[in-house]
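Atoms within each ligand, like the ligands themselves, are counted from 1 in listed order.
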Amino acid sequence: MSGKRRLAILISGRGSNLQAFIDAYEAGELDCDFALVLSNNPDASGLARAEAAGIPTDCVNHREFETREAFDRALAARVAEARPDLVILAGFMRILTSEFLTPFAGKLLNVHPSLLPKYPGLNTHQRALDAGDSEAGVTVHFVTPELDGGPPVVQARVPIISGDSAETLARKVLAEEHTIYPLAARWFLEGRLVLTAHGAELDGSLLPPTGFPFSHDPTPPR
Ligand code: GRF
């Protein structure tokens, strides 16, 4: 068995962020073991991406549970079996309760397609357009019981230009997700990123309330 740190990735759908992690690993940018890719949705097309990469997959179908808590307990038990050091929510479309959050507190990251604290929840791109915003973006954050409200780790911005629709904006933002999410995971796996009582800390310093401001230029810390 290798001594590498272990990653579990939870998905519900197409898994393009999962693919970004696989690609980062293959490019030598992420040193880890992919312990498990798990979906709550048996039809998630992202499961095929994991299988193609030789990663163990499983499904815990939320429809088979009477309550959210019962699903979360089963999910937590299955994820714990994989002994992850870090759990990545990558388009995992279930709201999680303390049954899941407590056992993985401090090692749970999510990606949310808005410039948090703006637009937690759904339809983020349309909401940014409706508000007449001049930019949109994406935030990787630690997960806490507050929906999309845990301490931000890193944020990337994209300009909103005339003619943008929710679809064009989603495409631009997704490209940024694929860059900043593996980067945040890398910081965590290297022991540089931790969640403390004060918030998210990178290299011993508290990150700003909106996370590290990612920019393609200049190069971020690697
Ligand atoms: C992404 O837009 C992510 O921000 C949101 O769900 C979507 C997942 O996409 N949380 P994918 O399944 O990773 O392609």
For Phe100 and Phe104, I'd like to know if the aromatic rings sit close, meaning centre-to-centre distance below 6.0 Å. yes

Numbering as shown, the atoms of ligand 1 that approach Arg14 to under 4.0 Å (heavy-atom distance): 9 (O), 11 (P), 12 (O), 14 (O)

Polar contact flag for Ala90 and ligand 1 (N/O pairs, less than 3.5 Å): no

For atom 12 (O) of ligand 1, tell me which residue out of Gly13, Ala44, Gly15 has the closest non-hydrogen atom. Gly15

Atoms in ligand 1 with a heavy atom of Glu177 nearer than 4.0 Å: 1 (C), 2 (O), 3 (C), 4 (O)

Pick, from Ala170, Gly91, Ser16, Ala20, the option with the minimum heavy-atom distance to atom 11 (P) of ligand 1. Ser16

When rounded to the nearest 0.5 angstrom, what is the spacing between CG in Asp164 and NE2 in His125? 10.5 Å

I'd like to know whether ligand 1 has Val111 as a neighbour, heavy-atom separation below 4.0 Å. yes

Can you tell whether the side chains of Lys172 and Glu176 come within less than 4.0 Å, N to carboxylate O? no

Between Pro113, Ser114, Ser39, Gly46, which one has a non-hydrogen atom sitting closest to atom 5 (C) of ligand 1? Pro113

For the backbone of Ser12 and the side chain of Asn41, can you confirm whether one donor and one acceptor N or O come within less than 3.5 Å of each other? yes

Output the distance between atom CG (Asn17) and atom CD1 (Ile11), rounded to the nearest 0.5 Å. 10.5 Å

